[in-house]
Structure formats: C-alpha cells, structure tokens
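Quick notes on the structure that follows.
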Amino acid sequence: MIRALALVAMLIAWAAVSYGNRSLEVVMPVLLPTPGEVATVGVALARDGSLARNLLVSAGRIGAGFAIAAAAALALGLAVALYTPARLAVEPVIELVRPIPPLAFLPMFLVWFGLGETSKVAFIAYTTFFPMFVGIAASLLRVDVMLLRAAASLGATRWDLLHRVVLPAALPGIVVALRLGFGLAIFVIVGAEFIAADAGLGNLIMEGRVFFNPAQIVMGALLLGFLGALVNALLLSFERRAVRGRAPQ
Amino acid sequence: MSRAGGSARVQVEGVHKSFDLDGRSTPALLDVSLEIHAGELLCLLGPSGCGKSTLLNIVAGFLPPTRGRVLVGGAPVTGPGPERGVVFQEYVLFPWLTVAQNVEFGPRLMGKPAAGCREITARYLEMVGLTAHASKFPAQLSGGMKQRVAIARALANDPAIVLMDEPFGALDAQTREVMQEELSRIQRVEHKTIVFVTHSIREAVYLADRVVVMTSAPGRIKEIFTIKLPEPRDRFAPEFTQYEREITRLVKEEVMKVHE
Ligand SMILES: Nc1ncnc2c1ncn2[C@@H]1O[C@H](COP(=O)(O)OP(=O)(O)OP(=O)(O)O)[C@@H](O)[C@H]1O
Ligand SMILES: [Mg+2]
C-alpha cells in the first residue's frame with residue numbers, strides 16, 4: 001500500500017513540475033516532457049512494434065551476458081572456495097582487473113568482438129562477472145566450519161558436504177550476488193548500446209537524443225527501470241525462498 | 001543395530017594439544033591417556049577452559065592432536081566418521097532444514113529408504129519431546145529445544161560412539177532430569193560408548209560408569225572415579241550423595257586454582 005502511494009506521489013510530483021513548467025516556462029517546455037507526452041510516445045512506439053522489439057533486444061543481451069557471467073562466477077567461485085591453490089592464483093588477478101571501470105574497456109570489446117551482438121553480450125558478461133564472483137566466492141568461503149563438522153560426523157562424503165551443506169548454507173549470499181550482478185547489467189547495457197547498436201533501449205534513448213525527442217528518452221529510461229524492477233522482484237522472491245527458515249538478517 | 005558393533009572401544013594415548021595464540025604455542029591438553037571401554041558411559045568434568053571440548057574434538061577427528069593418538073576399535077582416528085556421533089556444545093543445527101529434516105540428515109545420507117527415515121525421525125523426535133515442532137526451523141526454537149534436536153540428530157544416526165558436549169546445558173532443571181533418565185534408559189538397552197561432558201556433578205554421578213575429573217588448564221587427568229551404583233540410580237541414596245561430595249571437593253580444588 002505504501003509502495004503504491006509512493007509511486008503515485010512520484011507521478012504527481014512529475015506531473016506538477018512538468019505541467020507547471022509548461023505555464024511558467026522556467027526551462028524550454030520541450031526539454032521537460034510531461035507524463036502525457038511520454039505516454040503518447042510510448043503508445044506510438046508500441047503501435048509500430050519498436051517498443052517490444054527494442055525491449056526484447058536489450059533483454060536478450062542482458063539475459064545472455066548475465067547468464068554467462070553467473071555461470072562463470074559460480075564455477076570459478078566454487079573452484080576458489082574448494083581448492084586453495086586456485087584461490088591463491090585467482091585472487092591477485094581478479095583484484096587487479098576488478099577496479100578498472102568496465103566502460104574503459106568498452107572500445108576494446110568493439111574491436112575484439114565487432115559491432116554485432118557478441119560485443120554487447122561479452123561486455124555485459126565481463127562487467128557483471130566481477131561483483132558476482134566476489135560475492136559468490138565470499139559466501140562460499142564463509143560457510144561455518146562447524147556445519148561441515150556436524151555433517152561429516154553424520155557420515156557426509158565430500159560430495160555430500162558440497163551439495164547438502166556448502167551450497168545451501170551459501171545460497172542466500174549467492175542470490176544477493178546475482179541480484180547485484182543483474183542490477184549492474186541494466187546499468188551498462190545502455191552504455192554499450194549508445195556506442196554501437198541499431199536496436200535496444202539504449203539505442204532508443206540515443207535516437208531520442210539525435211532527433212531531439214526528450215519524451216522518447218524518458219520513455220526508454222522508464223522501460224529500463226521497469227525491466228530492472230521486474231527481474232529484481234523475481235530474484236527477491238527466489239531469495240526469500242532461499243533464506244526460508246533463517247532468522248531475518 | 002550398531003554399525004561399529006563391538007569395536008567401539010576408544011583409546012586416547014598420550015594426547016597433547018597446543019594452540020597457536022599470536023605465534024606463541026599455548027598448551028590446552030597435557031599428556032592425556034584414557035581408555036573408554038565399549039558400552040561405557042564416561043563423564044568428563046573440569047573447570048571451564050580446561051580442554052574438555054578440545055579432547056572431544058580430537059576424538060571426533062575434527063582436530064589433530066599435537067602429540068599422541070586416538071584409536072577407535074584399534075584403528076587410529078584420521079578424521080570424522082559416522083560411527084562417532086557428536087552433540088555440539090553450540091548445537092550446530094542446519095538452519096535451512098526443518099527439525100525433522102535435521103534429524104533425518106544422517107539416516108538419509110546412509111541411503112536408508114524414505115519410510116525407514118521417517119520412522120526413525122518420528123521415534124527420536126518423540127523421545128526428545130519435539131513431535132509437535134517437527135516442521136519448525138531451528139531459528140524458531142528456544143535454546144533447549146535446539147539442544148534436544150541436536151541430541152535426536154546424533155542418536156538417529158545410530159553411532160556406536162556418542163560424543164556429547166554439555167548436551168543438557170541449556171535445559172531447564174525438570175527437562176534435564178527427564179533427558180538424563182531417557183539417556184540412562186537408552187544406554188541400558190543399546191550400550192553405546194558415550195563420552196559426556198558436563199559441569200553438573202549430580203548429572204555425572206547419575207549417568208556415568210566412570211567420572212574423569214580434569215585439572216584446570218592446561219588439562220590433565222586429575223582423578224578417575226568408578227561409580228558403583230545400581231541402575232536406575234536413586235539421586236537421594238546416601239551413596240549417591242557420598243560420590244557427589246567427594247567429586248565436588250576435587251572439582252572445587254581445580255576451580256579455585258583458576259581464580260588464584
Ligand atoms: N581453536 C582454538 N584456538 C585457540 N585456542 C583454543 C581453540 N579452542 C580452544 N582453545 C583454548 O583451549 C583451551 C580449552 O578450551 P576448551 O574449549 O576445550 O575448554 P572446555 O573445557 O570445553 O571449556 P568449557 O567448559 O567452558 O566449555 C582454552 O584455553 C581455549 O582458549
Ligand atoms: Mg567446552
């Protein structure tokens with residue numbers, strides 16, 4: 001209820017500012033689109049099918065890049081957590097590369113992977129891998145050794161320990177890492193699509209800039225917000241199931 | 001059916017244990033030698049910090065001794081195993097599993113059929129009085145309830161040897177007596193080899209075949225009492241009180257040393 005009210009309040013504030021500006025002309029009216037204008041652009045984009053197309057293209061890139069990164073982060077996280085030499089080898093490399101802002105590498109991705117889909121997917125995978133890897137490895141390494149002792153004295157083999165203790169114990173932390181990674185994917189897709197793309201929400205926004213259509217820019221941004229919120233809600237409900245039974249954090 | 005059958009004798013031979021604290025090696029156990037007979041219930045008493053949990057951890061195979069060795073059924077201990085069940089001082093339940101699933105953990109690992117697992121689980125939950133709480137999660141239980149789940153979980157796996165670290169420490173006085181009677185009853189039927197750590201001298205005299213009193217840290221064996229009382233024991237018998245008095249005097253000596 002409070003959530004719904006907050007959203008309505010936000011909409012009202014936007015409407016008040018934008019329609020107020022319409023009559024007072026503090027800035028040029030076209031620079032501050034009203035909810036009505038944005039809705040009109042939205043309907044037009046939906047009619048000619050470009051809304052769905054751009055949304056699907058971006059979602060596809062995010063999904064593919066995120067899936068690749070999540071699988072890699074999980075695999076490497078497990079390797080690092082279960083095998084100390086792997087940890088000692090991987091840690092310094094990760095810690096050196098991780099702090100570099102991914103956008104600094106975006107031009108290299110275009111050079112390496114071309115202007116097609118591959119460069120966008122690879123860029124998202126690269127960007128989201130690091131925070132997910134760090135989060136997943138940390139939650140696997142933090143599993144309480146007492147839980148492992150308890151299971152071992154009940155007859156657990158190494159494999160039992162992994163899938164009956166380590167994974168369930170680390171699951172809440174793993175899901176949080178996935179949520180972080182997904183948020184980041186939405187963050188960087190726009191950058192990738194700004195620079196080189198013929199479709200996608202980033203491209204839609206860029207088009208709005210080129211053709212001087214601020215309403216379309218706002219529309220594209222809102223769609224990104226919806227996409228992010230939707231997937232975040234899905235991951236949250238998964239997380240709630242994952243922490244089932246555990247004391248509220 | 002006890003998996004390890006008659007081979008449940010535990011021999012602790014010249015065990016030393018030191019921990020590294022800020023690069024300095026600090027002794028926790030000094031030359032502990034002890035033979036625990038198959039089917040015996042042995043109580044460990046001693047001041048806090050004297051190394052009781054450490055000794056249990058070594059027998060369980062969680063910690064290697066610095067010197068000496070532990071033999072179970074004649075074979076040296078190299079790690080934990082299902083023939084040595086453990087009830088931890090801090091319970092250590094699996095927080096993502098329900099009470100019933102915690103108790104079922106061992107039998108399921110052993111590949112017992114589902115119906116058998118359910119039957120075992122029901123029996124041990126009944127024994128610890130938690131049948132009504134079978135589908136709760138550990139976070140929803142009181143300390144005493146968690147402790148009873150930990151006991152049920154260890155016993156449901158039917159280990160030949162049970163290492164119990166203050167297993168009744170979190171229980172109220174009445175529940176505690178009921179659990180003592182229950183354990184003593186099980187013991188008369190199943191003859192497990194039990195090492196039982198407690199701070200309660202009454203509890204030790206009620207349960208034990210022998211009581212080992214340890215010195216203050218670093219822990220050594222101070223004295224071993226054989227409790228020659230018929231079972232079930234009468235807590236008010238004069239002989240019972242006599243044992244209590246004698247052991248209390250020894251334990252007090254050691255506790256006083258800690259405070260000097
Ligand atoms: N992992 C560890 N690292 C360093 N020191 C330890 C460790 N475990 C135990 N010790 C030390 O060893 C000594 C014995 O500890 P232990 O837990 O065995 O005592 P305890 O007899 O079980 O005490 P209590 O009755 O309070 O449970 C203590 O001085 C403790 O500080
Ligand atoms: Mg202890």
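Around CZ of A:Arg179, the count of heavy atoms belonging to other residues, nucleotides or ligands within 6.0 Å exceeds 12. Around CZ of B:Arg123, the count of heavy atoms belonging to other residues, nucleotides or ligands within 6.0 Å exceeds 12. A 6.0 Å sphere centred on CZ of A:Phe187 holds no more than 12 heavy atoms belonging to other residues, nucleotides or ligands.
In this structure, CG on A:Asp144 lies 10.5 Å from CZ on B:Phe94, to the nearest 0.5 angstrom. Atom CE of A:Met146 is separated from atom CG of B:Leu93 by 11.0 Å, given to the nearest 0.5 angstrom. Taken from CD1 in B:Ile161 to OG in A:Ser153, the straight-line distance is 12.0 Å, to the nearest 0.5 Å. Between A:Asp160 atom CG and B:Leu109 atom CG the span is 5.0 Å, to the nearest 0.5 Å.
Between A:Ala150 and B:Arg153, the shortest heavy-atom distance links the atoms CB-NH2, 3.7 Å. Closest heavy-atom contact between A:Gly155 and B:Pro82: CA-CB, 3.6 Å.
Of the two parts of B:Leu63, only the side chain, counted from C-beta on, holds a non-hydrogen atom closer than 4.5 Å to a non-hydrogen atom of chain A.
Between B:Pro80 and A:Leu154, every side-chain heavy-atom pair lies at or beyond the 4.5 Å cut-off. Looking only at side-chain heavy atoms (C-beta outward), B:Phe62 and A:Leu148 stay at 4.5 Å or farther from each other.
Paired with B:Trp96 under the rule side-chain contact (heavy atoms from CB on, under 4.5 Å), one option of A:Val165, A:Leu167, A:Leu171 passes, and it is A:Val165.
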